Amino acid sequence: MKKILALVVVLAMVFVMGAAAFAADRPYIGIVSKGFQHQFWQTVAMGSQDAANEYGVDILFVGPPSEADVAIQIDMINAELAKNLTAMALAVLDTESVTEQLLAAKERGIPIIGFDSGVPGAPEGTILSTASTDNEAAGALGAERMFAIPAVRAAIEAATPENPVVIGALSQDATSASVVGRTVGFLGKMWELASSVKPDEVAITGHVRYELPADSGNASVIQNIVVPASPVNTDVHIAAQGLLQTNPLGIFCSNEGAVTGLLAATSDGQDLDKENGAYKDLIAIGFDAGETQKTAVRNGWFYGSVTQDPYMIGYLAVELAMKAINGETLDEIVDTGAQFYTAENMDDEKIAPLLYD
């Protein structure tokens with residue numbers, strides 16, 4: 001374990017501002033993430049380093065080799081707390097395992113900022129603020145982009161209770177806070193937008209958690225939310241196949257797992273080909289990134305996808321830490337934003353770094 005820890009720390013030094021010896025007269029912020037090898041976390045680290053440069057502070061960004069290495073992360077947190085620490089930013093793997101450390105930091109007056117998933121269930125007063133994605137807002141962004149497509153709006157305008165349109169949503173589960181948030185955001189915004197065209201004629205069906213009948217009792221627009229029996233790839237694949245049988249106008253996939261399931265149900269995306277695909281008219285919108293999803297967007301099989309902004313997650317973690325150091329009042333949650341990417345903009349310099357594999 002010590003050899004692994006040493007390797008991770010050496011790798012993390014890439015993101016340390018300046019030399020290994022920090023300036024005694026500058027604030028020092030220790031940043032402990034949930035991982036390190038993943039491109040997502042490397043982009044988070046880039047954002048935190050840029051913020052450190054701007055605010056004139058020293059940071060060390062570390063993370064365990066994988067998100068299963070709870071013990072290694074605990075060692076890293078202990079190592080940071082043993083230093084002359086001004087503040088800390090945390091994305092913990094297991095809150096219960098670091099409760100003692102959180103309380104000790106609070107006792108010492110060390111402000112702690114959560115980032116990404118933060119520190120859920122932390123003892124009261126130990127986490128001053130959390131920089132994370134507003135998943136409902138991110139899901140709503142997917143709905144806005146789908147509704148803005150002329151063919152989608154035209155189909156909704158032409159829909160009747162006798163010939164309704166179906167807009168699908170494929171969610172990997174109904175328990176994960178992030179997936180539920182994105183699903184709620186998409187369904188709510190699409191309901192609002194579709195209702196502006198078809199008042200009282202929009203319904204949400206498919207899962208008891210989200211169901212909402214049309215006010216008129218006659219739905220012209222049916223939002224059909226499908227949740228598989230489990231998050232296992234096979235079950236998501238089967239759920240996607242069932243959703244496709246409802247002949248949806250569009251499908252929103254709430255995470256990379258849902259995207260993978262839809263691609264598996266469409267011959268690895270070939271059936272979504274806009275020229276010859278069996279579902280060539282289907283408007284698919286995803287969430288997250290990953291190699292297969294990026295390929296689907298680049299090929300035009302997916303209209304586009306929503307991505308979190310890992311750069312801003314890292315940047316705001318440091319910025320919030322500095323505000324805490326200066327005694328400023330902080331909001332409990334600070335939204336780090338989301339971006340929508342398509343084949344046209346995914347290589348832009350401001351979007352490409354956010355599309356992690």
Side-chain angles (χ1 to χ4, degrees), residues 134-171 181-207 210-226 240 243-254 258-259 262 266 269 271-275 277-287 293 296-307 337-346 351:
D134 182 332
N135 283 292
E136 287 196 26
L141 176 59
E144 290 169 350
R145 291 306 182 98
M146 183 181 288
F147 185 80
I149 299 171
V152 172
R153 176 159 185 141
I156 291 174
E157 289 175 343
T160 65
E162 295 73 30
N163 188 26
V165 298
V166 175
I167 298 174
L170 180 63
S171 288
R182 296 165 191 174
T183 304
V184 167
F186 177 82
L187 294 175
K189 178 56 70 172
M190 184 58 75
W191 185 93
E192 174 189 325
L193 294 170
S195 294
S196 70
V197 178
K198 294 291 182 179
D200 303 325
E201 295 183 14
V202 183
I204 301 175
T205 65
H207 193 279
Y210 307 104
E211 285 180 349
L212 182 68
D215 290 341
S216 66
N218 296 305
S220 295
V221 180
I222 300 171
Q223 294 190 76
N224 185 20
I225 168 66
V226 173
L243 182 55
L244 287 168
Q245 295 307 305
T246 66
N247 192 30
L249 172 66
I251 293 178
F252 172 71
C253 298
S254 60
V259 169
L262 181 58
T266 54
D271 290 341
L272 298 172
D273 180 79
K274 297 308 175 187
E275 295 294 329
Y279 302 103
K280 64 181 180 181
D281 296 325
L282 177 68
I283 305 296
I285 288 180
F287 203 107
Q293 184 165 183
V297 172
R298 194 178 297 280
N299 288 344
W301 302 337
F302 270 56
Y303 176 77
S305 291
V306 181
T307 180
Q339 301 291 333
F340 191 83
Y341 66 98
T342 66
E344 286 69 37
N345 73 353
M346 64 190 299
I351 299 294

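Just so it is clear, the structure is predicted and the values come from calculations on it, not from any experiment.
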By side-chain contact (heavy atoms from CB on, under 4.5 Å), which residues pair with [X], not counting sequence neighbours?
{"X": "Glu136", "value": "Asp134, Val184"}
{"X": "Glu144", "value": "Leu141, Lys189, Leu193"}
{"X": "Asp281", "value": "none"}

[atom1]/[X] to [atom2]/[Y] distance, rounded to the nearest 0.5 angstrom?
{"X": "Ile251", "Y": "Leu262", "atom1": "CD1", "atom2": "CG", "result": "5.0 Å"}
{"X": "Tyr210", "Y": "Ile204", "atom1": "OH", "atom2": "CD1", "result": "10.5 Å"}
{"X": "Thr246", "Y": "Ile167", "atom1": "OG1", "atom2": "CD1", "result": "11.0 Å"}
{"X": "Cys253", "Y": "Ile285", "atom1": "SG", "atom2": "CD1", "result": "10.0 Å"}
{"X": "Ile149", "Y": "Tyr303", "atom1": "CD1", "atom2": "OH", "result": "4.5 Å"}

Notebook entry, point to check: Is the backbone of Lys280 close enough, under 3.5 Å, to the side chain of Lys274 for a donor and an acceptor to pair up by distance?
Noted result: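 Yes; judged by distance alone, with no hydrogens or angles, the pair exists.
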Notebook entry, point to check: Hey, does the side chain of Asp273 reach the backbone of Glu275 with a donor-acceptor pair shorter than 3.5 angstrom?
Noted result: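 It does hold such a pair.
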Notebook entry, point to check: Where do Leu187 and Ala169 come nearest, in terms of heavy atoms and distance?
Noted result: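 Looks like CD2-CB, 4.3 Å.
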Can you name the side chain to side chain donor-acceptor pair (under 3.5 Å) partners of [X], sequence neighbours left out?
{"X": "Ser171", "result": "Thr183, Ser254"}
{"X": "Thr307", "result": "none"}
{"X": "Gln245", "result": "none"}
{"X": "Thr342", "result": "Glu344"}

Notebook entry, point to check: Considering residues at least two apart in sequence or located in another chain, which fulfil the ring pair (Phe, Tyr, Trp, His ring centres under 6.0 Å) criterion with Phe340?
Noted result: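 For Phe340, no residue satisfies ring pair (Phe, Tyr, Trp, His ring centres under 6.0 Å) once neighbours in sequence are set aside.
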Note to self: Quick check: do Gln293 and Tyr341 have side-chain heavy atoms less than 4.5 Å from each other?
What the structure shows: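 Yes, their side chains come closer than 4.5 Å.
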Next item on the list: Mind running side chain to side chain contact (heavy atoms under 4.5 Å, CB included) on Thr266 and Trp301 for me, showing each step along the way?
Entry: CA-CA 10 Å; Thr266 54; Trp301 302 337; over 6 Å; no
Item checked: Any pair counted as ring-ring contact (aromatic ring centres under 6.0 Å, His included), so long as it reaches residues 186-205, sequence neighbours left out ->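 Sorted result for residues 186-205: Phe186-Phe252.
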Please list every donor-acceptor pair under 3.5 Å in which a side-chain atom of residues 152-161 meets a protein atom from a residue at least two apart or in another chain.
from: Arg153; atom 1: NE; to: Glu157; atom 2: OE2; distance (Å): 3.1
from: Thr160; atom 1: OG1; to: Glu162; atom 2: N; distance (Å): 3.4
from: Thr160; atom 1: OG1; to: Asn163; atom 2: N; distance (Å): 3.0

Check: Considering residues at least two apart in sequence or located in another chain, which fulfil the salt bridge (charged side-chain N to carboxylate O under 4.0 Å, His left out) criterion with Glu211?
Finding: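 Scan of Glu211 (salt bridge (charged side-chain N to carboxylate O under 4.0 Å, His left out), adjacent residues dropped) gives none.
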Next item on the list: Run the numbers on Leu244 and Leu282 for side chain to side chain contact (heavy atoms under 4.5 Å, CB included), then give the verdict.
Entry: CA-CA 9 Å; Leu244 287 168; Leu282 177 68; 3.9 Å; yes
Checklist line | Pairs meeting criterion side-chain hydrogen bond (donor to acceptor under 3.5 Å, both in side chains) with involvement of residues 213-226, two or more places apart | finding: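 The answer is Glu201-Ser220.
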